[in-house]
K.L.:
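The structure follows.
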Amino acid sequence: QAQLVESGGGLVQAGGSLRLSCAASGRTFSVYSMGWFRQALGKEREFVGFITWSSGSTLYGDSVKGRFTISRDNAKNTVYLQMNNLKPEDTAVYYCAAASKMGLLLLRSAYDYWGQGTQVTVSS
């Protein structure tokens with residue numbers, strides 16, 4: 001079993017940047033892909049993007065494409081979400097997740113393990 005811990009959330013003004021981290025421990029050798037999702041108050045959890053653990057291939061949701069970048073440090077078992085040009089609508093709790101096998105990685109159901117989430121608030 002893998003354990004995931006997010007960090008780096010906080011309050012930022014619109015147009016600013018934040019970098020979230022997700023540190024994985026435990027059965028990290030079984031991870032195929034790491035994803036980021038977010039959930040705003042009263043809304044469904046939304047796909048942000050994912051990165052495959054071995055090749056580093058990435059895919060992003062339309063709402064963040066061109067502004068957010070996912071990267072990984074395999075030696076540290078850590079995935080990062082660099083968020084630039086933040087907007088008030090990016091305000092949400094951000095979750096990282098780990099998938100142990102290939103699947104529909106845009107969907108929550110593809111992921112086996114989840115972090116506890118970190119709050120990102122963007123003020124206008």
Side-chain angles (χ1 to χ4, degrees):
Q1 186 161 342
Q3 291 81 43
L4 307 176
V5 178
E6 301 101 333
S7 61
L11 174 65
V12 64
Q13 288 188 329
S17 299
L18 277 176
R19 188 177 81 157
L20 306 183
S21 300
C22 175
S25 60
R27 291 175 61 91
T28 55
F29 63 87
S30 66
V31 172
Y32 172 78
S33 174
M34 297 288 292
W36 286 96
F37 289 76
R38 66 185 184 184
Q39 188 165 17
L41 197 62
K43 295 189 177 181
E44 295 287 321
R45 196 166 295 190
E46 175 190 19
F47 170 75
V48 173
F50 72 76
I51 186 166
T52 57
W53 199 247
S54 58
S55 67
S57 299
T58 55
L59 185 73
Y60 299 95
D62 288 341
S63 60
V64 306
K65 202 173 295 183
R67 299 187 298 123
F68 291 11
T69 303
I70 299 174
S71 61
R72 77 206 191 291
D73 184 331
N74 291 43
K76 296 182 178 180
N77 288 334
T78 300
V79 173
Y80 303 98
L81 177 65
Q82 177 67 44
M83 305 184 293
N84 297 328
N85 190 22
L86 283 160
K87 305 175 181 180
E89 52 263 42
D90 294 318
T91 295
V93 177
Y94 283 70
Y95 298 89
C96 70
S100 59
K101 57 185 181 296
M102 187 185 299
L104 295 174
L105 296 173
L106 280 71
L107 302 180
R108 288 177 291 169
S109 57
Y111 295 86
D112 306 290
Y113 308 104
W114 291 83
Q116 82 287 352
T118 185
Q119 176 71 45
V120 171
T121 303
V122 184
S123 63
S124 57

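On a predicted model such as this, the values are computed, not experimentally measured, just so you know.
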K.L.:
Mind checking side-chain hydrogen bond (donor to acceptor under 3.5 Å, both in side chains) for Thr121 and listing every partner two or more places apart, or none if nothing turns up?
P.N.:
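By the side-chain hydrogen bond (donor to acceptor under 3.5 Å, both in side chains) rule, Thr121 matches Gln119.
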K.L.:
For a quick test of reading the model, state the closest non-hydrogen atom pair linking Thr78 to Ser21 and the distance between them.
P.N.:
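Taking every non-hydrogen atom into account, CG2-CB, 4.3 Å.
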K.L.:
Enumerate the residue pairs fulfilling side-chain hydrogen bond (donor to acceptor under 3.5 Å, both in side chains) with a member in residues 92-102, sequence neighbours excluded, ordered by first and then second residue.
P.N.:
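Qualifying pairs, neighbours excluded: Arg38-Tyr94, Ser100-Asp112.
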K.L.:
Sequence neighbours excluded, which residues qualify as side-chain hydrogen bond (donor to acceptor under 3.5 Å, both in side chains) partners of Arg19?
P.N.:
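Not a single residue meets the side-chain hydrogen bond (donor to acceptor under 3.5 Å, both in side chains) criterion with Arg19.
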K.L.:
Would you please name every residue forming a side-chain hydrogen bond (donor to acceptor under 3.5 Å, both in side chains) with Ser55, sequence neighbours left out?
P.N.:
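Only Thr52, Ser57 meet the side-chain hydrogen bond (donor to acceptor under 3.5 Å, both in side chains) criterion with Ser55.
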K.L.:
Could you name each residue pair satisfying disulfide bond (SG atoms under 2.5 Å apart) that touches residues 47-124, not counting sequence neighbours?
P.N.:
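Found Cys22-Cys96.
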K.L.:
Determine whether Val64 and Trp36 make a side-chain contact, defined as any pair of heavy atoms from C-beta on separated by less than 4.5 Å.
P.N.:
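Not touching, per the 4.5 Å side-chain cut-off.
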K.L.:
Quick one: closest heavy-atom pair of Ala98 and Val31, and the distance?
P.N.:
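So the two residues come closest at CB-CG2, 4.1 Å.
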K.L.:
For Ser54, does its backbone N or O pair with a side-chain atom of Asn74 as donor and acceptor, under 3.5 Å?
P.N.:
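Side chain of Asn74 to backbone of Ser54, a donor-acceptor pair under 3.5 Å: no, none is there.
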K.L.:
Looking at residues at least two apart in the chain, or sitting in another chain, which of them share a side-chain contact (heavy atoms from CB on, under 4.5 Å) with Ala97?
P.N.:
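Partners of Ala97 under the side-chain contact (heavy atoms from CB on, under 4.5 Å) test: Tyr111, Trp114.
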K.L.:
Suppose clustering is done on Ile, Leu, Val, Met, Phe, Trp and Tyr with side-chain heavy atoms closer than 4.5 Å. Which residues sit in the same group as Leu104?
P.N.:
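Reading the cluster by chain and number, Leu104 sits alongside Leu107.
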K.L.:
Taking salt bridge (charged side-chain N to carboxylate O under 4.0 Å, His left out) as the definition, give me every residue that meets it alongside Arg108, ordered by chain and number, with sequence neighbours left out.
P.N.:
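Counting only residues at least two positions away or on another chain, Arg108 forms a salt bridge (charged side-chain N to carboxylate O under 4.0 Å, His left out) with Glu44.
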K.L.:
Write down the atom of Phe37, the atom of Leu105, and the distance for their closest heavy-atom approach.
P.N.:
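Residues Phe37 and Leu105, closest heavy atoms: CZ-O, 4.3 Å.
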K.L.:
Not counting sequence neighbours, list each pair that qualifies as a disulfide bond (SG atoms under 2.5 Å apart) and has a residue in residues 35-85.
P.N.:
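Found none.
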K.L.:
Is there a path from Leu59 to Met102 through hydrophobic residues (I, L, V, M, F, W, Y) whose side chains come within less than 4.5 Å of each other?
P.N.:
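Linked, Leu59 and Met102 end up in one cluster.
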K.L.:
Give me the atom names and distance for the closest heavy-atom approach of Gly49 to Ile70.
P.N.:
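Here Gly49 and Ile70 meet closest at C-CD1, 3.3 Å.
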K.L.:
Do Thr58 and Phe50 touch side chain to side chain, with heavy atoms closer than 4.5 Å?
P.N.:
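With C-beta onward as the side chain, the pair stays apart.
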K.L.:
List, one per line, each side-chain donor-acceptor pair under 3.5 Å for residues 79-88, sequence neighbours excluded.
P.N.:
| from | atom 1 | to | atom 2 | distance (Å) |
| --- | --- | --- | --- | --- |
| Gln82 | NE2 | Asn84 | OD1 | 2.9 |
| Asn84 | OD1 | Ser17 | OG | 2.9 |

K.L.:
What's the verdict on side chain to side chain contact (heavy atoms under 4.5 Å, CB included) for Gln116 and Glu6, showing C-alpha distance, side-chain angles and the deciding distance?
P.N.:
CA-CA 7 Å; Gln116 82 287 352; Glu6 301 101 333; 2.9 Å; yes
K.L.:
Pairs in or reaching into residues 58-75: which pass salt bridge (charged side-chain N to carboxylate O under 4.0 Å, His left out), with residues at least two apart or in two chains?
P.N.:
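For residues 58-75, and leaving out neighbouring residues, the salt bridge (charged side-chain N to carboxylate O under 4.0 Å, His left out) pairs sorted by first residue read Asp62-Lys65, Arg67-Asp90.
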K.L.:
So Leu20 and Thr118, side chain to side chain contact (heavy atoms under 4.5 Å, CB included) or not? Walk me through it.
P.N.:
CA-CA 8 Å; Leu20 306 183; Thr118 185; 4.0 Å; yes
K.L.:
Applying ring-ring contact (aromatic ring centres under 6.0 Å, His included), can you list everything that pairs with Tyr60, at least two apart in sequence or on another chain?
P.N.:
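Testing Tyr60 for ring-ring contact (aromatic ring centres under 6.0 Å, His included), a comparison that skips the adjacent residues, returns none.
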